[in-house]
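Any value given below was found using the heavy atoms of this structure, including those in side chains, with hydrogens, waters and symmetry copies removed. By convention in this document, chain letters (A, B, ...) are assigned in the order of the sequence lines, proteins followed by strands, and residues within each chain are numbered from 1.
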Number of protein chains: 2
Amino acid sequence: MTHIASIIRHKEYRKEETLLSEGSKANTLVIINEGSAKAFKLTPDGREQILYVFSEGDFFGERNLFGRQISTYSVEALEPVRTCSFTKESFYDLLHSYPEIAIKIIEELEKRISHLECTLQSMGVRSVDERVSTLILDFAEKYGTSVPDGTLIHLPLSREGMANYLGVARETVSRKLGQLENEGIIRSHGNKSILLLDRNMLESSAGKSVDL
Amino acid sequence: MTHIASIIRHKEYRKEETLLSEGSKANTLVIINEGSAKAFKLTPDGREQILYVFSEGDFFGERNLFGRQISTYSVEALEPVRTCSFTKESFYDLLHSYPEIAIKIIEELEKRISHLECTLQSMGVRSVDERVSTLILDFAEKYGTSVPDGTLIHLPLSREGMANYLGVARETVSRKLGQLENEGIIRSHGNKSILLLDRNMLESSAGKSVDL
DNA sequence: CGCGAGCTTGAACATTATCAAGGCAAGTGG
DNA sequence: CCACTTGCCTTGATAATGTTCAAGCTCGCG
């Protein structure tokens, strides 16, 4: 463990700083210690598709440790972020000393594949209403805290961010959230947090197209 | 290599036979030797999202060799298929004898992640026209043969299959293909193959929403 | 040769994107 | 501390796009 500590590099980033650029050469594994960041791809015409929202404990760049060395997406801080990172070489050292790490990496890759497959299914067959509801539930899981009237969710993404994650227009996210608020399922608390009042309703509207 | 040969199981499947069921316990790695198969997820209401089209040399089930043992998707033969497979135990034996296989697996997982990320981006930000065009180009790559007037593509998927892969309605695929045919870019040859006449036009319509 | 599955086509409908205008809120500078 | 400004969000109207439903057609198979 002291061995590990000696080869770690710590870094800090401010909000909106870039941790990694799509297309750049990269050969480090980066672990997020604090804060959150979005991983995204840009089309030539500037449309952004968010692939992941990383927060404490998540890592990225593992793809650059093996074959491919060109990053396939960009990562940008959504709030102040602290990271630690291994270079490719130090990671290989580590791998020799602790070969079971390879299995851990494989397991994490599998989790990520699973997540991507589910997201892909959502984009393909589920309605926008369902996807918005699912997103809020996911955020409640990761970023929610229990309060007397429900779950208070600190949103890592702006409306535009959520739109770019779901693959819809900003305005559509606004409208869908407004709709959920009218139905008494959530309550907006400024632009950065949402109070989830009725989790059951949200789950049912995430599961099966609603109905009205 | 004789060691490997001794632990392989060969199997054959007819068209539409199921190689693996979503939700079932699975602990084998399956390699496709001949034929092609689709991997897909079903929603409760029966809508199908195709995740991959596997053909010679592709494999699946690797996810079941590590942590999770429940398959997250189904695999069904699109035509007669021959496979060979390893059980989890024999695979672990193999892994001990040839540890570099772990790296190979990681690299393949990375490729698949890359593919999923690109597909996700397509579903999120690209128009249906672009996605249809891209799909034909992909098929041309994998299943096309050069002929005097262009590339003859033997389609592994029906119109409905393509629709379920792209996440749109059957009818939409028909219409988009009809459109490409009117523009003289492709020519339908029955329902199972397409002649690609103008690859450049198809590439430009895959890259940037057209225009008219 | 005839039948049926899968494909095409059309028309009406639903949903979402786009464009445009206005509002709220946080931060800035007087 | 207040007015101002700027960025983001909401809301409305309209247009584009895709879905759904309903015929009819075609290809390939028995």
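Side-chain polar atoms of B:Thr119 and B:Ser122 form no donor-acceptor pair below 3.5 angstrom. For the residue pair B:Ser127 and B:Glu130, a side-chain donor N or O sits within less than 3.5 Å of a side-chain acceptor on the partner. Side chains of B:Thr83 and B:Arg9: a donor-acceptor N/O pair is absent below 3.5 angstrom, by distance only.
The side-chain tip of A:Arg112 does not point at the ring of A:Phe54 from less than 6.0 angstrom away and within 45° of straight on.
Separating the CG atom of A:Leu157 from the C1' atom of D:dC9 is a distance of 15 Å, rounded to the nearest angstrom. If you take CG of A:Leu180 and P of D:dT10, they are 12 Å apart, rounded to a whole angstrom. B:Arg126 places its CZ atom 16 Å from the P atom of D:dT17, with the value rounded to the nearest Å. One can place CD of B:Gln179 at 10 Å from P of D:dT17, the figure rounded to the nearest angstrom. Atom CG in B:Leu155 sits roughly 10 Å away from atom P in C:dC7 (whole-Å rounding). At whole-Å resolution of the value, CD in B:Glu160 and P in D:dT20 are 12 Å apart. Atom C1' of nucleotide D:dG18 and atom CE of B:Met123 are separated by 14 Å, given to the nearest angstrom.
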Worksheet item: Stepwise, does the side chain to side chain contact (heavy atoms under 4.5 Å, CB included) test hold for A:Ile50 with A:Lys41?
Response: CA-CA 7 Å; A:Ile50 296 181; A:Lys41 281 169 167 282; over 6 Å; no

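A salt bridge links B:Glu141 with B:Arg199: the closest approach of a Lys/Arg side-chain nitrogen to an acidic carboxylate oxygen falls below 4.0 angstrom. Under the 4.0 Å criterion applied to side-chain N and carboxylate O atoms, A:Lys142 and A:Asp58 are assigned as salt-bridge partners.
Using a 4.0 Å heavy-atom criterion, one finds that B:Ser174 contacts the bases of the nucleic acid, with or without backbone contacts as well.
Applying the side-chain hydrogen bond (donor to acceptor under 3.5 Å, both in side chains) rule to A:Glu48 yields the partners A:Lys38, A:Asn164; only residues at least two apart in sequence or on another chain are considered.
Applying the ring-ring contact (aromatic ring centres under 6.0 Å, His included) definition to pairs two or more places apart or across chains, those involving residues 114-139 of chain A are A:Phe139-A:Tyr143. Listed by first then second residue, pairs satisfying side-chain hydrogen bond (donor to acceptor under 3.5 Å, both in side chains) with a partner in residues 15-36 of chain B read B:Glu34-B:Arg82, B:Ser36-B:Glu79, not counting sequence neighbours.
Heavy-atom minimum distance, B:Tyr165 versus B:Gln49: O-NE2, 3.1 Å.
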Table of protein N/O atoms under 3.5 Å from nucleotides 15-21 of chain C N/O atoms:
residue, atom, partner, partner atom, Å
C:dT16, OP2, A:Lys176, NZ, 2.9
C:dA17, OP1, A:Ala169, N, 3.2
C:dA17, OP2, A:Ala169, N, 3.3
C:dA17, OP2, A:Thr172, OG1, 2.2
C:dT18, O4, A:Arg175, NH2, 2.7
C:dC19, N4, A:Glu171, OE2, 3.0

Got a list of protein N/O to nucleotides 4-6 of chain D N/O distances below 3.5 Å?
none

Discussion item. Each nucleotide in nucleotides 23-30 of chain D should get exactly one letter: B, S or -. Can you fill that in based on protein heavy atoms under 4.0 Å?
Written reply: -----SS-

